[in-house]
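Working notes for the structure below.
Hydrogens, waters and symmetry mates play no part in the numbers below; they use all other heavy atoms, side chains included. Convention: sequence-line order gives letters A, B, ...; per-chain numbering from 1. Everything numeric here is computed off the predicted structure, so don't read it as measured data.
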2 protein chains.
Amino acid sequence: MAALKRRRTPPFPGRGHDHARCVDVALGEATRLCARDGQRLTPLRRRVLELVWGSHQPVGAYAILDRLKQDGRAAAPPTVYRALDFLLARGLIHRIASLNAFVGCARPDGSHPAQFLICRRCGTAAEIDDPRLAAAIGRSATESGFAVDAPIVELRGLCAGCRRPAAG
Amino acid sequence: MAALKRRRTPPFPGRGHDHARCVDVALGEATRLCARDGQRLTPLRRRVLELVWGSHQPVGAYAILDRLKQDGRAAAPPTVYRALDFLLARGLIHRIASLNAFVGCARPDGSHPAQFLICRRCGTAAEIDDPRLAAAIGRSATESGFAVDAPIVELRGLCAGCRRPAAG
DNA sequence: CGTCGGGTGTTATACTATAACATATTCTGT
DNA sequence: ACAGAATATGTTATAGTATAACACCCGACG
């Protein structure tokens with residue numbers, strides 16, 4: 001009875017979660033999906049994906065660019081934007097419009113609309129893919145005769161961890 | 001039985017609607033609200049609001065800037081951004097994060113979360129303030145222990161007018 | 001070999017937004 | 001009307017985000 005509904009992954013990663021594992025899983029999934037679809041996950045694209053997955057806080061294109069330069073790689077804005085465009089097209093990352101930043105996709109099994117909870121304190125962007133919310137969006141739009149292609153839902157506020165007093 | 005639910009305003013303005021009236025109403029409301037709240041709707045702010053209301057398509061800050069220059073007024077980016085910040089704070093306009101652009105608020109009676117339908121063909125951004133959608137958002141967030149301050153909902157797609165073949 | 005296409009490198013530039021400080025305007029109390 | 005305070009605007013410079021255009025490389029395929 002712990003959970004009435006199951007989630008495949010909890011929306012907010014725990015503070016002490018094993019993030020290296022997040023990255024490993026994401027890179028493994030990306031490799032698998034690209035192979036399946038005949039797409040090339042080149043070293044550059046793989047590295048950019050890894051950098052986007054550096055944390056659960058969305059990262060800007062120019063921050064990625066700086067890291068690439070630290071790698072010793074020749075890099076300019078188009079380098080990173082092209083890699084980001086590829087990853088976006090494959091559904092491996094999402095763009096957070098309200099932050100001009102990018103975050104790894106928690107469920108990269110095909111492209112899909114996503115909804116984000118973005119904490120204004122810790123900066124974490126948690127992906128929720130709530131079918132009821134998606135349905136409510138579809139209903140609202142349909143009533144206006146509008147056909148939604150790309151719903152952008154970015155809910156800014158405070159996550160559970162940051163709402164608690166900073167105690168232990 | 002034409003309408004089971006009433007809307008104060010239809011989300012998408014008709015093609016041939018009297019837009020001058022939209023602008024007049026918006027400016028009148030803005031004047032009233034600012035007077036009520038002891039805020040100063042200066043000529044600059046009023047002009048910027050008028051320019052934002054130039055159409056139902058969100059307008060960029062630098063487009064506004066160009067128009068101000070055409071007016072013969074000294075203008076630089078801060079001029080327009082400050083006016084926009086004022087109008088945003090009073091709830092007289094909204095910012096569309098996914099377009100980096102601004103649009104007049106259809107119901108400027110106090111600040112409020114808004115949801116937009118943005119047509120990718122005609123560019124129109126229609127404000128819908130659907131309480132059921134807002135409730136669905138609140139439910140989704142609450143289940144994750146998340147407290148939403150500022151929901152951003154920008155639904156991109158095709159409006160009813162643009163879905164029809166371009167005939168008549 | 002040759003060429004074709006995709007990926008990356010390179011240079012330049014466009015677009016969006018804010019910091020910091022100077023000046024002007026309006027409001028308030030006297 | 002005036003001084004002083006608060007608000008609004010002007011001005012200069014710069015930070016941050018994104019794309020256009022063209023050159024080069026390299027592997028696949030005939």
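- Both A:Ala61 and B:Ala76 lie near DNA chain D, and the one whose nearest nucleotide falls closer to the 5' end is B:Ala76.
- If you take NZ of A:Lys69 and C1' of C:dT8, they are 16 Å apart, rounded to a whole angstrom.
- Looking only at side-chain heavy atoms (C-beta outward), A:Ile96 and A:Phe116 come within less than 4.5 Å of each other.
- Look at B:Tyr62 and you won't find any side-chain N or O under 4.0 angstrom from OP1 or OP2 of C:dC15.
- The CG atom of B:Leu44 sits 13 Å away from the P atom of C:dT26 (whole-angstrom rounding).
- Proximity of a side-chain donor or acceptor of A:Glu50 to a complementary backbone N or O of A:Val23 within less than 3.5 Å is not detected.
- One can place CD1 of A:Ile64 at 14 Å from C1' of D:dG16, the figure rounded to the nearest angstrom.
- In the set D:dT11, D:dA18, C:dT16, the nucleotide with an atom closest to the side chain of B:Pro78 is D:dT11.
- Under 4.0 Å is where a charged nitrogen must lie from a carboxylate oxygen, and between A:Arg132 and B:Glu143 at least one such pair does.
- For B:Thr31 and B:Arg46, the side-chain atoms include at least one donor-acceptor pair closer than 3.5 Å.
- If B:Asn100 and B:Arg40 are placed on DNA chain C by their nearest nucleotide, the residue sitting closer to the 5' end is B:Asn100.
- Distance from the side chain of B:Arg95 is smallest to C:dA17 among D:dG10, D:dA18, C:dA17.
- Regarding contacts with the backbone of C:dT8, a side-chain N or O of A:Arg45 is found under 4.0 angstrom from either OP1 or OP2.
- One can place CG of A:Asp71 at 16 Å from C1' of C:dT8, the figure rounded to the nearest angstrom.
- In terms of heavy atoms, B:Trp53 sits closest to B:Cys105 at CZ2-O, 3.3 Å.
- For A:Arg82 and C:dG6, a side-chain-to-base donor-acceptor distance below 3.5 Å is absent, hydrogens and geometry of angles not being considered.
- D:dT17 atom C1' lies 13 Å from atom CG of A:Asp66, rounded to whole Å.
- Atom P of nucleotide C:dA17 and atom CG of B:Leu65 are separated by 12 Å, given to the nearest angstrom.
- Atom CD1 in B:Ile96 sits about 12 Å away from atom P in C:dA17, given to the nearest Å.
- For D:dG10, one of the phosphate oxygens OP1 or OP2 lies less than 4.0 angstrom from a side-chain nitrogen or oxygen of B:Thr79.
- The OH-P distance, from A:Tyr81 to D:dT17, rounds to 7 Å in whole Å.
- Listed nucleotides: D:dT19, C:dT18, D:dA8. Nearest to the side chain of B:Thr42: D:dA8.
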